Amino acid sequence: MNILLIGGGGREHAIAAAIKKSGGNLYSFMEFRNPGIARISDDILIANNLNELLKWKHVRNGNIDFAIVGPEAPLEAGIVNSLQEIGIACASPSKEAAQIETSKKFMRDLMKKYNIPGYVESHYFSDENDLISFMKDFEKEFAVKPVGLTGGKGVKVQGHHFSTREEGIKYAREVIKAGIGEGKGVLIEEKMEGEEYTLQAFTDGKNLIPMPLVQDFKRAYENDEGPNTGGMGSYSMADHSLPFIDSSALEKSKEILKMIIESMEREGIEYRGTIYGQFMLTKHGPKVIEINARFGDPEAMNVLSIFEGDFLRIIEGMAYGNLSLRYSKFSNLGTVVKYLVPPGYGSNPHGGEEFFVDEEGIRNSGAVFYYGSVDERNGKLYTTHSRTIAIVGIHEDLYEAEKIAENSIRFVKGNLYHRSDIGKRETILKKLKKMEEILKDP
Ligand code: AMP
Ligand code: GLY
């Protein structure tokens with residue numbers, strides 16, 4: 001089978017590896033040359049324009065059996081619709097279905113209309129005066145969320161990114177005025193307190209196959225400080241749950257994803273592809289923070305590194321609407337992903353610098369790696385403005401997995417930093433303690 005893969009980061013390197021492992025031929029489209037993907041592809045196209053992809057010989061001559069899209073931007077641009085028009089099935093959602101991610105307003109409106117549990121109070125504004133007059137009477141602590149895409153970096157939360165109401169309102173006005181989040185307006189949301197977790201699932205619009213839970217670390221610096229990023233690293237546990245999640249929270253989270261898919265179908269929108277729920281466990285149970293229309297990055301690397309089923313059958317099932325549980329299997333191992341990123345990543349990154357990877361060293365120390373947004377030119381590796389390379393430790397004991405990942409960081413040399421606290425015992429105990437306090441707070 002010939003698979004077209006769109007995207008060139010760490011998540012896509014993990015998808016590419018899973019496709020190759022299950023015996024597919026790989027045709028990859030990316031903006032910069034990711035050496036990890038390029039090496040295992042049967043052919044690659046490097047371009048920054050989706051029209052080039054539609055003109056690519058493999059796409060035009062009917063050589064592709066189906067496609068899968070990694071990042072959100074091509075989903076929003078409607079690449080799935082364009083591919084379907086020329087007869088290429090996709091294991092990713094159409095532009096309409098991807099609105100669950102590309103418009104946070106669409107997501108909240110859908111949850112409200114269909115009474116889906118996990119809804120967070122949310123108010124939409126596209127006019128500064130409406131915002132100001134509403135905020136006069138709104139007394140809760142809040143989060144400011146641009147409605148459109150911002151690469152995970154546009155949300156600001158009171159007490160984390162701003163302290164006074166005035167600062168929050170000022171930022172919300174900027175979002176409206178400066179067009180942050182594509183000028184689609186702003187949401188003021190009630191602030192939630194709790195621990196966040198990711199539940200990804202495969203779906204063909206009817207069947208839903210959940211993947212192991214993952215916890216992502218979004219803040220740029222140790223101890224969850226600094227600006228939000230796309231994710232600095234993540235961990236998952238051998239039992240596929242997380243230390244602070246019980247079976248009832250897990251079941252509720254699965255049910256929420258299922259209800260979202262069903263509600264979209266009732267709206268006449270079929271959702272096919274990976275769906276990603278960013279949840280927060282609060283004292284009132286799981287709440288939806290955001291829904292994404294794709295695998296998470298880094299979360300894809302946790303789950304795909306331990307995937308032992310037949311990945312081709314899974315993505316084919318999503319593309320053709322006949323997804324079957326029997327092809328999905330994840331081994332009972334814990335994983336820790338640590339991203340190395342350029343200085344300033346999350347706010348003002350300095351990319352374009354050369355860096356060096358001792359791949360043998362990483363392999364020999366028992367870790368796995370995935371290249372992120374890097375550029376290979378004339379045999380040399382350069383950073384870009386996004387995440388550079390992810391190291392993954394895999395072991396039945398989470399803390400051993402963490403050590404494996406941390407020990408391999410030294411095999412990457414360059415002007416890069418990472419979060420050493422991700423997956424460490426102290427970090428996880430701190431999260432457990434925070435959760436206990438939130439749950440017992442009256
Ligand atoms: P998002 O891009 O929607 O995932 O938001 C980025 C981050 O902002 C989330 O991972 C949360 O840490 C935080 N956040 C978003 N919405 C809320 C909320 N309503 N209450 C508290 N924190 C939030
Ligand atoms: N790691 C968060 C995301 O992929 O959106």
Side-chain angles (χ1 to χ4, degrees), residues 7 9-12 14-15 69-73 75 98 100-108 111 118-123 138 140-162 168 171-172 175 180-181 186-200 211 214-220 224-236 274-284 286-304 337 339 341 345-346 372-373 386-387 390 422 431 434 438:
R11 163 185 47 210
E12 291 77 27
I15 296 172
V69 183
E72 59 276 24
L75 295 173
I100 200 71
E101 167 169 9
T102 60
S103 168
K104 291 185 200 283
K105 179 174 186 296
F106 175 91
M107 184 270 280
R108 290 295 182 215
M111 289 190 73
Y119 177 76
V120 174
E121 184 186 340
S122 181
H123 303 272
F138 188 74
K140 297 175 182 168
E141 292 213 304
F142 60 97
V144 180
K145 307 179 90 166
V147 170
L149 297 177
T150 60
K153 294 151 203 131
V155 175
K156 292 199 198 290
V157 183
Q158 191 164 10
H160 298 301
H161 310 97
F162 63 89
Y171 177 60
V175 170
I180 300 169
V186 72
L187 292 176
I188 299 293
E189 279 193 3
E190 180 184 2
K191 178 185 171 183
M192 297 286 120
E193 299 267 16
E195 271 304 313
E196 285 180 73
Y197 57 98
T198 301
L199 176 61
Q200 303 168 98
M211 297 182 229
V214 182
Q215 190 171 34
D216 176 28
F217 288 69
K218 282 190 194 279
R219 305 292 287 272
D224 289 334
E225 284 169 11
N228 272 337
T229 70
M232 291 294 296
S234 46
Y235 70 92
S236 68
T274 300
I275 186 161
Y276 165 118
Q278 178 78 41
F279 292 92
M280 190 185 275
L281 184 61
T282 70
K283 67 178 172 205
H284 305 295
K287 297 285 178 185
V288 173
I289 296 293
E290 67 171 347
I291 302 289
N292 291 333
R294 51 175 173 82
F295 280 104
D297 189 351
E299 293 96 326
M301 296 185 271
N302 299 89
V303 296
L304 293 180
V337 177
Y339 251 126
V341 306
Y345 172 63
S373 296
S386 196
R387 297 167 287 187
I422 295 171
K431 289 189 176 290
K434 175 180 154 201
I438 286 172

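No experiment lies behind these values; they were computed from the predicted model shown. Counting starts at 1 for both ligands and their atoms, in listed order.
Under the side-chain contact (heavy atoms from CB on, under 4.5 Å) rule, Val144 has a single partner from Val155, Val186, Ile180, which is Val186.
Every heavy atom of Lys287 sits 4.0 Å or more from the atoms of ligand 1. Ligand 1 has Lys104 within reach: a non-hydrogen atom of the residue lies less than 4.0 Å from it.
If you number the atoms of ligand 1 from 1 as listed, the ones under 4.0 Å from a heavy atom of Asn228 come out as 6 (C), 7 (C), 8 (O). Numbered from 1 in the order shown, with element, the atoms of ligand 1 that lie under 4.0 Å from a heavy atom of Glu196 read 9 (C), 10 (O), 11 (C), 12 (O). Of all atoms in ligand 1, numbered sequentially from 1 with element shown, those under 4.0 Å from a heavy atom of Lys145 are 3 (O), 15 (C), 16 (N). The distance from ligand 1 to the heavy atoms of Glu190 drops below 4.0 Å at these ligand atoms: 18 (C), 19 (N), 20 (N). The distance from ligand 1 to the heavy atoms of Val155 drops below 4.0 Å at these ligand atoms: 1 (P), 2 (O), 3 (O), 5 (O), 6 (C), 8 (O), 15 (C).
A salt bridge links Lys431 with Asp224: the distance from a Lys NZ or Arg NE/NH1/NH2 to an Asp or Glu carboxylate oxygen falls below 4.0 Å. Between Lys283 and Glu193 there is no salt bridge, since no side-chain N of the basic residue sits under 4.0 Å from a carboxylate O of the acidic one. One finds a salt bridge joining Glu189 and Lys145 here, because a Lys/Arg side-chain nitrogen approaches an Asp/Glu carboxylate oxygen to under 4.0 Å.
At the top of the distance list for atom 20 (N) of ligand 1, counting protein heavy atoms only, stands Met192 N, 2.8 Å. Nearest to atom 14 (N) of ligand 1 among the protein's heavy atoms is Val157 CG2, 3.7 Å.
A side-chain donor-acceptor contact under 3.5 Å links Tyr276 and Gln278. A donor and an acceptor atom, one from each side chain of Glu121 and His123, are located under 3.5 Å apart. A side-chain N or O of Glu299 and one of Thr198 form a donor-acceptor pair less than 3.5 Å apart. With no hydrogens or angles considered, no side-chain donor-acceptor pair links Glu196 and Gln215 at under 3.5 Å.
Panel note: side chain Arg294, backbone Leu75; no donor-acceptor pair is recorded below 3.5 Å.
Two rings, from Tyr339 and Phe217, have their centers 6.0 Å or more apart.
Residue-to-ligand polar distances keep Gln278 apart from ligand 1: every N/O pair is separated by 3.5 Å or more. Residue Glu189 places at least one N or O, backbone or side chain, under 3.5 Å from an N or O of ligand 1.
Listed as neighbours of ligand 2 are Asp216, Lys218, Gly230, Tyr276, Asn292, Arg294, Gly296, Asp297, Pro298, Glu299, each bearing a heavy atom under 4.0 Å from the ligand.
Counting heavy atoms from C-beta on, the side chains of Thr229 and Val341 never come closer than 4.5 Å.
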